[in-house]
Amino acid sequence: MTARVGKSAADRTRQKILALIRSVPHGKVATYGSIARAAGLRSGARLVARTLHTSIGLPWHRILGAGGEIKLRGDHSIEQRLRLESERVTFRGRRVDMKRHEHKFAKRSPR
DNA sequence: AGGGTGACGATCA
DNA sequence: ATGATCGCCACCC
């Protein structure tokens, strides 16, 4: 029973990342990097990706690489694109039109 | 304890 | 635009 709810710093970071991912609204997208920064990580994009990959029930298709690029490979990238297009997210070549769809996170609470 | 590994990102040739 | 490199963070042997 790995009932992890946030003991270690790593777990708290994970919870924070999960909350941010869940906060991206329908029709909008965010990047691994922006989420990492919103979570207070200097450069934890890879961690965001890992979290996304090891969790379920998240709007995973709304998370993209820098510049709005889909970073998945093969069929998965196709599914992601279809899911995005089904919520009216538009593309410019093979990247999402970030100009129109990038979700801005509120600045980190000036604690 | 140490080293390898990502759904990454920025930078440089 | 493409490929190599280095930095980052947590996880998995």
Side-chain angles (χ1 to χ4, degrees):
Chain A
M1 323 296 326
T2 49
R4 46 192 63 279
V5 186
K7 270 279 187 272
S8 64
D11 285 340
R12 287 193 299 278
T13 295
R14 182 190 175 78
Q15 294 309 313
K16 177 63 176 165
I17 290 174
L18 291 175
L20 287 163
I21 292 173
R22 284 189 288 252
S23 77
V24 179
H26 181 285
K28 288 291 188 176
V29 301
T31 67
Y32 302 101
S34 69
I35 288 174
R37 288 193 297 279
L41 298 169
R42 311 215 301 292
S43 179
R46 309 188 85 136
L47 178 57
V48 173
R50 176 179 281 290
T51 301
L52 211 43
H53 195 60
T54 61
S55 304
I56 57 178
L58 297 176
W60 62 269
H61 58 288
R62 298 184 188 138
I63 313 304
L64 307 160
E69 182 182 4
I70 287 181
K71 302 295 270 189
L72 293 182
R73 323 280 183 99
D75 296 334
H76 300 297
S77 69
I78 297 182
E79 183 182 347
Q80 181 166 25
R81 178 159 183 152
L82 290 176
R83 282 176 177 257
L84 288 171
E85 293 181 326
S86 77
E87 26 186 91
R88 305 225 161 65
V89 168
T90 59
F91 284 71
R92 215 178 89 270
R94 63 183 205 293
R95 358 172 141 179
V96 164
D97 184 342
M98 298 305 268
K99 211 70 164 178
R100 294 183 17 162
H101 306 289
E102 181 167 32
H103 175 64
K104 317 290 189 193
F105 290 106
K107 279 183 171 263
R108 287 206 291 140
S109 322
R111 89 161 92 172

**OP:** May I have the distance from A:R37 (atom CZ) to B:dG9 (atom P), rounded to whole angstrom?
**Re:** 9 Å

Original post:
What integer distance in Å separates A:L47:CG from B:dG9:P?
Top reply: 13 Å

Original post:
Tell me: CD of A:Q80 to C1' of B:dC8, nearest whole Å?
Top reply: 14 Å

Original post:
For the pair made of CD in A:E69 and P in B:dA7, what is the distance, rounded to whole Å?
Top reply: 14 Å

Subject >> Pairing of A:E79 and A:R83 as salt bridge, 4.0 angstrom limit >> reply: yes

Original post:
At their closest point, which heavy atom of A:S55 faces which heavy atom of A:R14, and how far apart are they?
Top reply: OG-NH2, 2.9 Å

Subject >> Distance in angstrom units between A:K71 NZ and B:dA10 P, rounded >> reply: 10 Å

Original post:
Do you know the tightest heavy-atom contact between A:K28 and A:E102?
Top reply: NZ-O, 4.3 Å

Subject >> Closest nucleotide among C:dT2, B:dA7, B:dG9 to the A:R94 side chain >> reply: C:dT2

**OP:** Assign each of A:R46 and A:R50 to its nearest nucleotide of DNA chain C by heavy atoms, then name whichever residue's nucleotide is nearer the 5' end.
**Re:** A:R46

**OP:** Using the closest heavy atom to pick a nucleotide of DNA chain C for each, name whichever of A:R95 or A:T13 lands nearer the 5' end.
**Re:** A:R95

**OP:** Send over the distance from A:I78 CD1 to B:dA7 C1', rounded to a whole Å.
**Re:** 15 Å

Subject >> Atom-pair distance (CG on A:L52; P on B:dG9), nearest Å >> reply: 12 Å

Original post:
Which nucleotide in the list C:dC11, B:dA7, C:dC8 gets nearest to the side chain of A:A10?
Top reply: C:dC11

Original post:
Expressed in angstrom and rounded to an integer, what is the separation of A:H53 atom NE2 from B:dA7 atom P?
Top reply: 6 Å

Original post:
Which atoms form the tightest heavy-atom contact between A:P59 and A:I21, and what is the distance?
Top reply: CG-O, 3.5 Å

